[in-house]
Amino acid sequence: MIVRQFISWIRTAPAGERAEATRALARAWLISDLSEDDRIAAEGALLMLLDDPSPLVRQAMAEVFSRSAEAPAAIVQALSLDQPSIALPVLEHSPLLIDADLVDIVATGNSDTQCAIARRINLPPSVSAAIAEVGSAAAALELIENAYAELAPFSWDRIVERHGHLAAIREAMLVLEGLPAATRVALVAKLSETLAQFVVARNWLSADRAGRLASEARERSTVNIAARSRGEDMAGLVRHLRATGQLTAGLILRALLSGNLELFDSALAELADLPLARVTALLHDRGGASLQALLIRAGFPESTFAAFRVALEVSQETGYVDTIGGAARLRRRMVERVLTHCETDRKAAEPLLILLRRFATESAREEARMFCDELVADEAFVPPVRDLIAA
């Protein structure tokens with residue numbers, strides 16, 4: 001009876017009053033002890049109100065039903081497909097929407113609806129993948145910042161591929177603790193590419209020089225990231241580097257000259273298509289023949305063999321690097337020793353010598369910076385001379 005009166009009254013009531021009455025009816029449907037007949041009639045009235053010309057009415061329903069698992073499924077489904085101001089709370093919170101619904105709305109909706117879905121709690125990998133594949137940059141950012149979203153590795157990579165040129169996306173991703181190393185390297189590559197294009201467009205550097213500087217910066221960052229990687233994360237990084245053409249002799253030599261034996265071993269295992277444990281055993285038996293066989297199988301030119309051999313010998317003499325920073329920086333004594341040997345080796349090609357000279361300059365400058373930093377730090381703890389005299 002009450003519902004019949006409601007239906008009769010609402011046909012002529014103003015929009016604001018219809019919205020408030022709809023809100024009350026929706027709450028009654030959820031929490032009141034309605035008879036079966038009244039419940040059926042109430043649901044029918046609410047379904048009828050989906051066609052109300054005022055968005056305020058449907059918005060009132062969406063606000064009441066958005067978080068409830070007991071809401072009428074047909075109404076929630078209809079509200080999720082309504083205009084964004086009505087659909088957003090339902091898309092962000094409703095437990096009644098299944099993964100297929102959400103994926104379809106991501107594919108057909110606008111940025112606002114995609115962002116609402118990206119904020120959902122316990123967002124499954126399939127929906128995250130849809131946002132990564134076709135979502136706007138704003139939706140991707142919401143997804144990255146959603147601690148409850150599950151993303152497969154390929155979804156991270158797709159976000160980098162589509163939106164990695166945007167500073168907000170890079171910054172949001174790089175602060176994440178569990179971000180795969182391969183994804184971090186891909187972000188660094190995007191940043192290097194963006195910076196290189198910027199300086200070339202400003203005529204600050206030639207395209208060739210900007211490209212070389214970007215490549216060197218990318219390699220330094222890659223070794224730095226690898227120094228923090230272990231196990232499957234390292235394996236994924238090496239596979240990514242190979243797939244993107246970055247697993248070069250220069251990068252692997254840099255890793256070895258930095259004391260990063262894990263990256264060196266993993267890279268050779270990947271290129272030689274051998275188990276990591278076998279490669280590690282062959283490399284560290286202190287036999288030159290094993291190393292040369294591995295390098296040949298990995299496809300390295302003969303002109304690099306001596307550099308790798310001497311670098312490995314020096315690395316074994318100096319021992320294990322016990323800090324992340326140490327495994328990311330070129331070690332000056334190793335570089336200079338390898339360079340000295342290669343300068344007298346007739347088989348060493350000129351490109352290798354140029355690379356080693358750059359490594360030598362980089363390591364010398366890094367060592368000088370560290371020395372100066374230590375001097376400044378020590379000076380901070382030394383009392384002024386006048387204080388010593390006064391004492």
Side-chain angles (χ1 to χ4, degrees), residues 185 189 192 208-209 211-224 226 234-235 237-276 278-318 327-363:
V185 167
S192 299
D208 289 343
R209 180 163 174 75
R212 183 172 66 80
L213 291 175
S215 178
E216 291 176 357
R218 186 167 57 245
E219 287 190 356
R220 287 195 295 271
S221 297
T222 298
V223 176
N224 197 342
M234 175 69 82
L237 170 61
V238 171
R239 288 194 296 269
H240 169 81
L241 292 172
R242 185 180 189 182
T244 54
Q246 298 179 68
L247 200 60
T248 61
L251 175 64
I252 298 171
L253 184 58
R254 174 186 283 274
L256 182 55
L257 291 173
S258 301
N260 193 335
L261 297 180
E262 289 193 49
L263 177 56
F264 177 64
D265 292 2
S266 298
L268 282 186
E270 174 69 21
L271 292 174
D273 195 23
L274 291 172
L276 177 59
R278 176 165 174 76
V279 169
T280 300
L282 289 172
L283 287 175
H284 304 294
D285 67 357
R286 298 183 184 270
S290 298
L291 173 63
Q292 183 167 319
L294 281 173
L295 295 174
I296 292 173
R297 180 162 179 150
F300 289 172
E302 185 179 355
S303 59
T304 64
F305 291 177
F308 279 108
R309 177 176 55 78
V310 175
L312 187 59
E313 289 173 357
V314 179
S315 176
Q316 291 169 340
E317 291 172 8
T318 56
R329 290 190 300 269
L330 288 166
R331 301 164 76 180
R332 185 176 182 181
R333 292 180 182 177
M334 290 179 64
V335 174
E336 289 179 346
R337 185 161 162 182
V338 173
L339 177 59
T340 300
H341 178 88
C342 290
E343 284 177 335
T344 60
D345 184 2
R346 293 182 179 179
K347 293 182 180 180
E350 187 63 27
L352 175 63
L353 294 175
I354 293 173
L355 180 65
L356 288 172
R357 292 189 187 106
R358 288 176 183 163
F359 284 171
T361 300
E362 181 184 329
S363 61

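The figures here come from the full heavy-atom set of this structure, side chains too, leaving out hydrogens, waters and symmetry mates. Throughout, residue positions are numbered sequentially from 1 according to the sequence presented.
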TODO: Would you check, one step at a time, whether the test side-chain contact (heavy atoms from CB on, under 4.5 Å) holds for F300 with I252?
DONE: CA-CA 11 Å; F300 289 172; I252 298 171; 3.3 Å; yes
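- Under a 3.5 Å cut-off, the side chain of S315 and the backbone N or O of A311 do not form any donor-acceptor pair.
- Note that the CZ atom of R239 and the CG atom of L241 stand 11.0 Å from one another [nearest 0.5 Å].
- The nearest pair of heavy atoms linking A272 to R297 is O-NE, 2.6 Å.
- Taking the ring pair (Phe, Tyr, Trp, His ring centres under 6.0 Å) definition, one finds that F305 meets it with nothing, sequence neighbours left out.
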Open item on the list: Does L283 form a side-chain contact (heavy atoms from CB on, under 4.5 Å) with L268? I'd like the steps, not just the answer.
Closed with: CA-CA 10 Å; L283 287 175; L268 282 186; 3.8 Å; yes
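- No more than 12 heavy atoms of other residues, nucleotides or ligands shown are found within 6.0 angstrom of CZ on R278.
- The nearest pair of heavy atoms linking L352 to T304 is CD2-CA, 4.1 Å.
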Task: L291/L282 under side-chain contact (heavy atoms from CB on, under 4.5 Å): CA gap, chis, key distance, verdict - done: CA-CA 7 Å; L291 173 63; L282 289 172; over 6 Å; no
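- Using a 4.0 Å cut-off between charged nitrogen and carboxylate oxygen, R358 and E362 do not count as a salt-bridge pair.
- The two residues T244 and H240 come nearest to each other via the heavy atoms OG1-O, 2.8 Å.
- Using a 4.5 Å heavy-atom threshold, the side chains of V338 and F359 count as separate.
- Nearest heavy-atom pair, E216 versus R254, reported as atom, atom and distance to 0.1 Å: O-NH2, 4.4 Å.
- Distance check: L256 CG to L251 CG gives 11.5 Å after rounding to the nearest 0.5 Å.
- Every side chain to side chain contact (heavy atoms under 4.5 Å, CB included) that R337 has, sequence neighbours left out, goes to V310, V314, E317.
- Environment of CZ in R357: crowded, with over 12 heavy atoms of neighbouring residues, nucleotides or ligands closer than 6.0 Å.
- L339 and A360 get closest at one heavy-atom pair: CD2-CB, 4.1 Å.
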- [ ] Would you please test L263 and M234 for side-chain contact (heavy atoms from CB on, under 4.5 Å) and show each step?
- [x] CA-CA 7 Å; L263 177 56; M234 175 69 82; 4.0 Å; yes
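- Of the possible polar contacts, none joining the S215 side chain to the G211 backbone as a donor-acceptor pair under 3.5 Å is found.
- Closest heavy-atom contact between E343 and L353: N-CD2, 3.9 Å.
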